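Please read the structure below before turning to the comments.
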Amino acid sequence: RVRPHSLAAIIDILHEAIQAKKISFDAARPYLEEISDILKECPDIDEAMEDRFCADMQKLIQLLPEKDYAQRLKEALFLRTRGKCKSHRFDLPLVSIALVIDEYGFPIDFQVFPGCSSEFRTMEPAIKSMREKYHIKETIVSADRSLNSANNLQMLLKSNLGFLVAQKVTDLEKRYQEQLLNPEGYSEFYSDSGELVWKYKAIDNYKRKDKNGSTLECTIIFTYSKARYDRDIAILERDLERAQRAVSTHAEIAKNQRAWNSLVVSSGKKTAQRLNSATIEKRRSLCGYAAILYHASPDSQKQLTSKEVATSYRKLEKIEESFRLMKSNFDLRPVYVSMEERIKGHCTLCVLALLIQRMLETRLERQNIHLTTDEIQTALKGAYVFPVRNGSEISYIHTPKEGQLKIDAHDKAVGYADLKKFIQDRKDSHIGSIMKACDLTPLSCASSRTTLCHNLGRRYATDEEVIGLYYR
């Protein structure tokens, strides 16, 4: 559906395009007249008129010769649009989310942008909104590498904000890659067994260049960790296996196979011919390494040390983890709704779920219980109680796995034979630790309704009320 506030933006874009002689006034006139008609009908626009307007705007997008004007028009018109994405799903409509988290991974704020919006272009309006809303005068902005264009970094400095952003090591100039791989100058840290686990070094006066010629001077910190090396090697071996399989069958290289297509040499028909040994060795040599760009706030009296910047990489990983969590665990995508307010409502629920997840992690850490994000999610998804009938009495069995007991829908309770098998197969879960962290009493294997109410902090007057919740 058309975004209600987009009509004025469309007029501005068309006016600018006419002034720049990118489209003639005669060509734009029918669309301007249609916008005028819709404005007269607001807010009583029927669905047929809106559908016709959407179709006509798509024709207008095709008319505009400049890619930039067409992109801006798409962004003004629709929130849910088709465009580029990292998973290369061009067949699906998208929305973009700018998520702001604090150093502990707690979500502070978010904004929803049209799906065709470039990540480079969403940072400035998100930062501006945050500063106005929370009256931020000075801070250091951490961001992943998708936002580290020279223009964005210069925008932050002009706003008296510092930055700490990830930099892709494969995109570094040759001289900086040589410094990255040169063992001299690194501060190294070893395990008790004498194995190198982490190292870092800083290079001052690093010049960050963009494709458009913009240059920015800052500090770059190179880091290496054994854990990251193991992960990168595993990914490389997986991609190498796929590349070898493609070469053996002379497979066609599709656009959405970028994970491994750089590891092969292709023919003119874009079919895999042989492995690219030079690229493979270069990628192997960079495994375990990462880079961070840093610049303090221009008016700040405090400068972070190289070690403080290097150890902040974990904060950057929190950003990526937050998006992964919302996409995979909280069903951020796909988005099945199309109206703007419902899209934003869906995103709000996902951000709230992330907030609750971070609160759980913090409570567990305070009790010295160290669970990963996935372990917490697995435990929560497997937290069930099932009713078991024993004569006239009903007990409630705690099970960490859905469907582990066969429910008798007629009796609304489980038979004794099923219970016996369940007790034999029952596995431990982390749900007890999570309940303790939330000031609840962990469930025993079997509980009465009174005990269940006490442990969960709820009130159920009858067994039928408890069972009804499950069968409703």
Side-chain angles (χ1 to χ4, degrees), residues 13 16 20 66-69 71-72 75 84 86 96-103 108-111 113-114 116-177 179-180 202-223 290-306 308-310 312-313 315-316 318-320 323:
I13 293 167
E16 188 179 328
E66 288 287 331
K67 192 175 181 180
D68 184 55
Y69 285 106
Q71 180 80 359
R72 286 167 57 196
E75 292 176 14
K84 295 180 180 179
K86 293 176 183 176
S96 296
I97 298 179
L99 178 68
V100 183
I101 63 174
D102 68 7
E103 59 184 316
I108 299 172
D109 206 344
F110 75 98
Q111 276 186 273
F113 292 92
C116 57
S117 303
S118 165
E119 289 178 315
F120 286 147
R121 293 170 59 178
T122 58
M123 188 178 197
E124 185 169 2
I127 291 293
K128 183 179 179 182
S129 172
M130 280 285 295
R131 295 196 71 185
E132 291 175 353
K133 189 183 293 186
Y134 300 105
H135 309 290
I136 298 171
K137 294 182 179 179
E138 179 186 313
T139 191
I140 294 177
V141 176
S142 295
D144 61 22
R145 63 194 183 204
S146 63
L147 298 172
N148 73 349
S149 70
N151 285 339
N152 275 344
L153 301 183
Q154 286 170 345
M155 176 272 296
L156 292 173
L157 294 179
K158 288 176 182 177
S159 303
N160 195 35
L161 300 173
F163 59 78
L164 194 156
V165 297
Q167 169 64 44
K168 196 174 182 180
V169 293
T170 53
D171 290 345
L172 293 171
E173 294 179 33
K174 183 179 179 180
R175 59 183 174 131
Y176 290 117
Q177 283 194 2
Q179 291 184 68
L180 171 78
I203 306 293
D204 293 324
N205 305 317
Y206 169 75
K207 290 181 172 56
R208 171 72 168 83
K209 294 182 180 179
D210 261 0
K211 294 178 181 178
N212 59 10
S214 300
T215 303
L216 179 75
E217 194 171 288
C218 59
T219 299
I220 187 168
I221 311 291
F222 297 137
T223 69
I292 304 169
L293 305 183
Y294 167 69
H295 197 298
S297 304
D299 294 342
S300 176
Q301 300 298 315
K302 181 183 177 182
Q303 294 277 342
L304 296 180
T305 66
S306 299
E308 287 174 329
V309 175
S312 67
Y313 195 85
K315 297 174 185 176
L316 297 177
K318 274 288 186 185
I319 300 171
E320 296 178 1
F323 275 110

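Keep in mind that what you see is a predicted model, and the values were worked out from it rather than measured.
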Q: Report yes if some heavy atom in the side chain of Leu216 is under 4.5 Å from a heavy atom in the side chain of Leu157; otherwise report no.
A: yes

Q.
Check whether Asp102 reaches the backbone of Ile108 with its side chain - one donor and one acceptor, N or O, closer than 3.5 Å.
A. no

Q) Looking at Leu153, Ile136, Leu161, Val100, which hits side-chain contact (heavy atoms from CB on, under 4.5 Å) with Val141? A) Leu161

**Q.** Partners meeting ring-ring contact (aromatic ring centres under 6.0 Å, His included) with Tyr206 (sequence neighbours left out)
**A.** Tyr176

**Q.** Smallest separation among heavy atoms of Arg208 and Ala150, with atom names
**A.** O-CB, 4.4 Å

Q: Take Asn152 and Val165, measure what side chain to side chain contact (heavy atoms under 4.5 Å, CB included) needs, and give me the verdict at the end.
A: CA-CA 11 Å; Asn152 275 344; Val165 297; over 6 Å; no

Q. Looking only at heavy atoms, which two atoms of Phe113 and Ala126 are closest? And how far apart?
A. CZ-N, 4.4 Å

Q) So, the side chain of Asn160 versus the backbone of Asp299: is there a donor-acceptor pair under 3.5 Å, distance only? A) yes

Q: Report, as yes or no, whether the 6.0 Å neighbourhood of atom CD on Glu124 holds more than 12 heavy atoms from other residues, nucleotides or ligands.
A: no

(Q) Donor-acceptor check, side chain of Thr219 to backbone of Asp204, threshold 3.5 angstrom: yes or no? (A) no

Q. Are side-chain heavy atoms of Tyr294 and Ile140 found at a separation under 4.5 Å?
A. yes

**Q.** Single hit among Ile203, Val309, Leu293 for side-chain contact (heavy atoms from CB on, under 4.5 Å) with Ile221
**A.** Val309

Q: Could you check if a side-chain atom of Leu156 sits within less than 4.5 angstrom of a side-chain atom of Ile127, using non-hydrogen atoms only?
A: yes

